[in-house]
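No hydrogens, no waters, no symmetry mates; every other heavy atom, side chains included, goes into these values.
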Amino acid sequence: MKMRHAMVCSSNQNRSMEAHSLLKRHGFDVSSYGTGAHVKLPGPSLREPNVYEFGTPYKHMFDDLRRKDPDLYRRNGILPMLKRNSTVKPAPQRWQENASDGSFDVVLTFEEKVFDMVVEDLHNREHVLMKSVLVINLDVKDNHEEAAVGARVALDLCQELEATESWEDAIDDIVTAFERQHRRKLVYSISFY
């Protein structure tokens with residue numbers, strides 16, 4: 001069954017974009033979002049992050065950071081990440097402002113705090129379609145290596161979900177088998193549009 005997927009992390013930069021990029025290359029109908037108030041990228045120190053508004057083009061962030069300190073942002077992987085992101089879509093998008101993008105069948109989050117925010121947002125929306133949406137959390141550390149591993153695991157999960165006739169009937173078996181195979185715990189919730 002062909003589904004619409006959303007990948008969601010905090011800033012729509014690393015984990016959600018790595019998964020978005022991989023799923024897109026595999027032909028999935030996929031979008032990605034962040035749930036934070038702003039887009040935050042590492043800066044010269046923990047106390048000095050680079051903060052942008054959602055909707056700021058990835059190319060603008062790339063140019064800004066390359067101007068500030070090209071060696072630092074190349075070395076810590078931020079410039080290559082932004083370059084990849086700009087090939088997937090123009091700018092980070094905020095989950096809470098995505099209603100005009102339509103409904104999704106599966107929303108995959110990469111940390112529990114983001115999962116809670118997505119579930120709460122869906123709960124607070126007007127439920128006019130009464131269409132179910134599966135929200136799953138797959139915890140992935142926010143670094144480049146783990147994001148790459150998490151994207152491959154997300155791809156496996158989405159392939160499993162698409163291979164079933166009705167995820168509503170098979171979700172418990174899919175989650176159990178997935179957790180056993182990947183040795184990762186999943187949390188899921190069913191919400192409605």
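Atom CD of Glu48 has more than 12 heavy atoms from other residues, nucleotides or ligands within 6.0 Å. Surrounding CD of Glu126 are at most 12 heavy atoms belonging to other residues, nucleotides or ligands under 6.0 Å away. The environment of NZ in Lys113 is sparse: at most 12 heavy-atom neighbours from other residues, nucleotides or ligands sit within 6.0 Å. Other residues, nucleotides and ligands place no more than 12 heavy atoms under 6.0 Å from the CD atom of Glu112. Around the NZ atom of Lys141, the shell of radius 6.0 Å holds no more than 12 heavy atoms that belong to other residues, nucleotides or ligands.
Salt-bridge annotation for Asp139 and Lys185: absent, with no side-chain N of the basic residue lying under 4.0 Å from a carboxylate O of the acidic one. Salt-bridge check for Arg15 with Glu146: failed, with every basic side-chain N at 4.0 Å or more from each acidic carboxylate O. With salt bridges taken as basic N to acidic carboxylate O contacts below 4.0 Å, one links Asp64 and Arg67. Salt-bridge check for Arg152 with Asp156: failed, with every basic side-chain N at 4.0 Å or more from each acidic carboxylate O.
Aromatic ring orientation, His5 versus Phe28: perpendicular (interplanar angle above 60°, classes split at 30° and 60°).
Between the side chains of Arg25 and Ser21, at least one donor-acceptor pair of N or O atoms lies under 3.5 Å.
Scanning all heavy atoms of the two residues, the minimum distance from Pro70 to Leu79 falls at O-CD1, 3.8 Å. For the residue pair Phe54 and Ser11, the shortest heavy atom distance occurs at CE2-O, 4.0 Å. The two atoms that bring Phe104 and Asn98 nearest to each other are CE1-ND2, 3.8 Å, heavy atoms only. Tyr193 and Ser103 get closest at one heavy-atom pair: CD1-CB, 3.4 Å. Residue Ala19 comes nearest to Ala154 through the heavy atom pair CB-CB, 4.5 Å, listed as atom of the first residue, atom of the second, then distance. Looking at every heavy atom in both residues, Pro42 comes nearest to Tyr73 through O-CE2, 3.3 Å.
Residues Tyr33 and Val88 do not share a hydrophobic cluster, clusters being chains of Ile/Leu/Val/Met/Phe/Trp/Tyr side chains in contact below 4.5 Å. Criterion: ILVMFWY side-chain heavy atoms under 4.5 Å apart, direct or through other members. Under it, Val140 and Met17 are not part of a common hydrophobic cluster. Hydrophobic clustering, with ILVMFWY side chains joined whenever heavy atoms are under 4.5 angstrom apart, keeps Leu108 apart from Val133.
Looking at Glu18 and Met81, their side chains never come closer than 4.5 Å, going by heavy atoms from C-beta outward. Side-chain contact between Gln13 and Pro92 is present, with at least one heavy-atom pair separated by less than 4.5 Å. Side-chain contact between Arg4 and Ser31 is present, with heavy atoms from C-beta onward closer than 4.5 Å. Side chains of Met7 and Leu22 form no contact here, defined as non-hydrogen atoms less than 4.5 Å apart. Looking only at side-chain heavy atoms (C-beta outward), Trp95 and Leu122 come within less than 4.5 Å of each other. Inter-residue side-chain proximity for Lys131 and Asp105 is flagged as met; some heavy-atom pair is nearer than 4.5 Å. Between Ile190 and Trp167 the shortest side-chain heavy-atom distance falls below 4.5 Å. In this structure the side chain of Pro44 never reaches within 4.5 angstrom of the side chain of Asp69, judged on heavy atoms.
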| Step-by-step salt bridge (Lys or Arg N to Asp or Glu O under 4.0 Å) determination, Asp121 to Arg125 | CA-CA 6 Å; Asp121 178 69; Arg125 292 184 186 191; 2.8 Å; yes
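For the side chain to side chain donor-acceptor pair (under 3.5 Å) with Asn12, the qualifying choice from His20, Lys89, Arg94 is Lys89, the only one to do so.
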